[in-house]
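The structure under discussion is supplied below as structure tokens; questions concerning it will follow.
Order of appearance sets the numbers: ligands from 1, and atoms from 1 within every ligand. Note that the numbering runs from 1 along the sequence shown for the chain.
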Amino acid sequence: MSGTYPIVGIQDGIGPDGERPLRYEINKFVDPKHNPYAKDQLNLFLLALEKIQAMSHTERLSWFQIAGIHGQPFINWDGSKGIDGGPDQWGGYCTHASILFPTWHRVYHALVEQAVHECMKKVLAEFPRDKQAALKPAVDHWRYPYWDWALVMPGTTDLVMPELMRLPVIEVQRPNGVMQTIDNPLYRYRFPLDAQGKVIGFTGGPPYTEAPYTVRHPAPFNKTLPVTSQETWAKGISDNDAAQTALNDVSAQRPGGRQLVVSVYQLFAMIRSFPPFSNTNWRGSGNPSQYTSLEGIHNNVHVIIGGLSRGHMAVNDFATFDAAFWMHHGNVERQLSIFQALNPADYKSWPNDPWLRSTVRPWFDGVSQVDEYGTWTRPPNTAETTNTPLTPFHKDAKGTVYDSDGCRYIANFGYAFEELQDWLPKYRDASGKFNTPLYCQDIRKALSEKYGWAMPSHHTVSHLAAAHPPSR
Ligand SMILES: N[C@@H](Cc1ccc(O)cc1)C(=O)O
């Protein structure tokens with residue numbers, strides 16, 4: 001036994017002044033004007049995804065095993081043992097309606113990024129020697145791209161699902177130079193099936209136990225007919241046009257379009273305390289400002305992509321198998337990181353605003369919240385804190401489990417985001433001291449530029465900067 005898998009992030013490509021490679025928004029990731037490695041990184045990313053999705057379902061770092069941590073097939077991962085918590089216990093490791101929602105998913109995303117990167121390094125080794133040296137910087141600087149579903153296309157008010165997620169097939173260049181059209185790993189995932197044609201280890205009956213691929217917005221499943229006779233489920237046909245429509249439907253049960261953009265803006269403008277920011281189930285206060293959350297908005301996007309007809313992305317048990325999950329959660333992770341930057345731990349000394357000083361809660365700060373559902377390793381109704389183990393994620397090969405404090409700073413995981421380049425010289429004064437107000441001002445400016453258009457016109461950057469409490 002080689003020990004537990006250390007989740008440490010990608011540590012390659014970091015500059016001498018702590019410049020971490022960016023996790024790019026997908027539209028910038030593929031654009032050489034923004035990403036100098038765009039062309040090579042896209043090719044390497046697709047080849048690495050193809051490789052990880054094709055790995056045996058028994059391997060710890062396969063797509064099936066990593067995706068299987070979240071919900072089904074409800075098995076142990078990396079030696080982290082499940083418990084019998086009774087009939088009401090949630091059977092996956094993932095934490096929802098829980099104060100651990102943001103941090104658990106942070107480490108989870110770092111794991112998939114690291115595992116895909118390991119595959120990318122294997123892909124690199126397949127290239128001819130002379131090509132390897134030229135491609136190595138692209139591999140070293142690669143970080144998992146995300147999709148900002150609240151970012152409109154320039155000059156429009158349209159939210160657009162990235163084409164890369166919609167194309168059923170896509171062209172790659174093999175290490176031997178040959179161009180080839182492959183099944184696009186960002187469009188769907190093919191499940192490992194047993195001899196009876198059932199997905200390995202899945203329970204609960206059709207359609208998920210028998211659908212050979214992940215699907216988005218499938219035709220509603222008809223329980224009286226076999227899966228094999230229902231085309232969208234049997235053949236893995238996604239209706240991405242329907243997902244695209246849902247994404248812009250402002251009045252749907254899961255609001256898209258301008259309504260989605262407003263909710264992202266409000267998330268940062270109105271919520272300055274980590275517990276209500278973090279999840280849908282915080283009841284620490286009756287304050288109406290706490291009736292939206294990072295998790296709540298994220299839930300809607302799951303259903304927008306998967307569909308009310310319950311394609312995989314819409315269902316907690318199965319969402320992770322669709323690569324859309326990771327592009328989506330990359331954005332959730334970015335939103336968490338932005339929240340942390342805007343509500344820094346040194347808030348007590350800055351700014352000189354009594355309301356802020358009494359309102360900002362940068363982290364758990366001793367708070368606990370009862371998790372009604374529990375997880376694979378915790379019984380329902382457990383009080384969770386910043387020290388609750390984020391099973392099954394390990395820091396090292398010796399079995400040390402992460403907790404939320406242990407994953408508090410993204411710098412340790414070797415990535416950054418466009419808005420969060422805290423190493424830039426402009427954020428240091430002559431004595432080298434970090435200029436928090438200037439940094440926050442730049443972040444707010446970026447948020448206003450991206451999402452502010454959706455607000456009534458009188459709501460400007462200065463309002464966001466002041467972040468006044470809602471009137472009661
Ligand atoms: N179950 C959530 C959506 C969701 C789906 C999959 C997930 O992994 C997470 C959340 C809802 O209905 O709002």
Side-chain angles (χ1 to χ4, degrees), residues 63-74 77 88-112 144 146-147 149-150 161 165 188-189 191 199 202 204 207-208 211 214-218 220-221 238 242-243 246-247 249 252-256 259-260 263-264 267 277-282 291-336 371-376 380 390-393:
W63 192 260
F64 185 79
Q65 285 271 330
I66 291 176
I69 290 169
H70 192 265
Q72 293 224 25
F74 303 145
W77 190 80
D88 297 333
Q89 179 189 16
W90 159 238
Y93 286 102
C94 72
T95 54
H96 292 111
S98 148
I99 196 167
L100 306 180
F101 167 76
T103 50
W104 189 90
H105 287 85
R106 164 172 285 174
V107 187
Y108 194 27
H109 206 299
L111 166 64
V112 88
Y144 211 109
Y146 67 89
W147 168 35
W149 25 257
M161 194 174 180
M165 289 166 59
R188 68 179 181 189
Y189 166 69
F191 289 104
V199 180
F202 279 15
Y208 308 103
T214 55
V215 283
R216 304 172 191 148
H217 288 258
F221 183 68
S238 284
L247 181 62
D249 188 347
Q253 185 199 106
R254 310 298 184 128
Q259 193 55 50
L260 180 60
S263 53
V264 169
L267 185 67
F277 172 82
S278 68
N279 77 96
T280 54
N281 219 22
W282 174 255
Y291 289 167
T292 189
S293 63
L294 179 73
E295 186 187 17
I297 299 170
H298 136 281
N299 280 348
N300 291 345
V301 175
H302 267 283
V303 178
I304 284 171
I305 301 173
L308 290 169
S309 53
R310 298 174 63 77
H312 292 76
M313 263 297 275
V315 185
N316 295 55
D317 293 39
F318 308 107
T320 45
F321 294 93
D322 183 340
F325 179 94
W326 303 101
M327 215 84 104
H328 166 39
H329 267 272
N331 194 37
V332 174
E333 165 57 19
R334 165 177 160 270
Q335 291 172 342
L336 166 63
D371 181 343
E372 289 170 32
Y373 304 96
T375 70
W376 179 244
L390 301 178
T391 49
F393 304 133

message: Once you measure the plane-to-plane angle for H329 and H298, does it fall in the parallel (<30°), tilted (30-60°) or perpendicular (>60°) bin?
response: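 H329 and H298: perpendicular rings.
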- prompt: Are side-chain N/O atoms of H105 and H109 paired as donor and acceptor at under 3.5 Å?
  reply: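 Result is no, nothing qualifies.
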message: Before we go on, tell me: are the rings of F325 and H70 under 6.0 Å apart, centre to centre?
response: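 Yes; H70 has its ring centre under 6.0 Å from that of F325.
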Extract all N/O-N/O pairs under 3.5 Å that connect ligand 1 to the protein, and present each with both atom names and the distance rounded to 0.1 Å.
from: ligand 1; atom 1: 1 (N); to: N316; atom 2: OD1; distance (Å): 2.7
from: ligand 1; atom 1: 12 (O); to: R254; atom 2: NH2; distance (Å): 3.0
from: ligand 1; atom 1: 13 (O); to: R254; atom 2: NH1; distance (Å): 2.8
from: ligand 1; atom 1: 13 (O); to: R254; atom 2: NH2; distance (Å): 3.3

- request: Please name all residues satisfying side chain to side chain contact (heavy atoms under 4.5 Å, CB included) with R310, sequence neighbours left out, ordered by chain then number.
  value: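 Side chain to side chain contact (heavy atoms under 4.5 Å, CB included) list for R310, sorted by chain: Y208, V315.
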- prompt: After noting the C-alpha distance and the side-chain angles of W149 and M161, does the key distance pass the side chain to side chain contact (heavy atoms under 4.5 Å, CB included) rule?
  reply: CA-CA 7 Å; W149 25 257; M161 194 174 180; over 6 Å; no
message: Centre-to-centre under 6.0 Å for F393 and W104, is that the case here?
response: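 So the answer is yes for these two rings.
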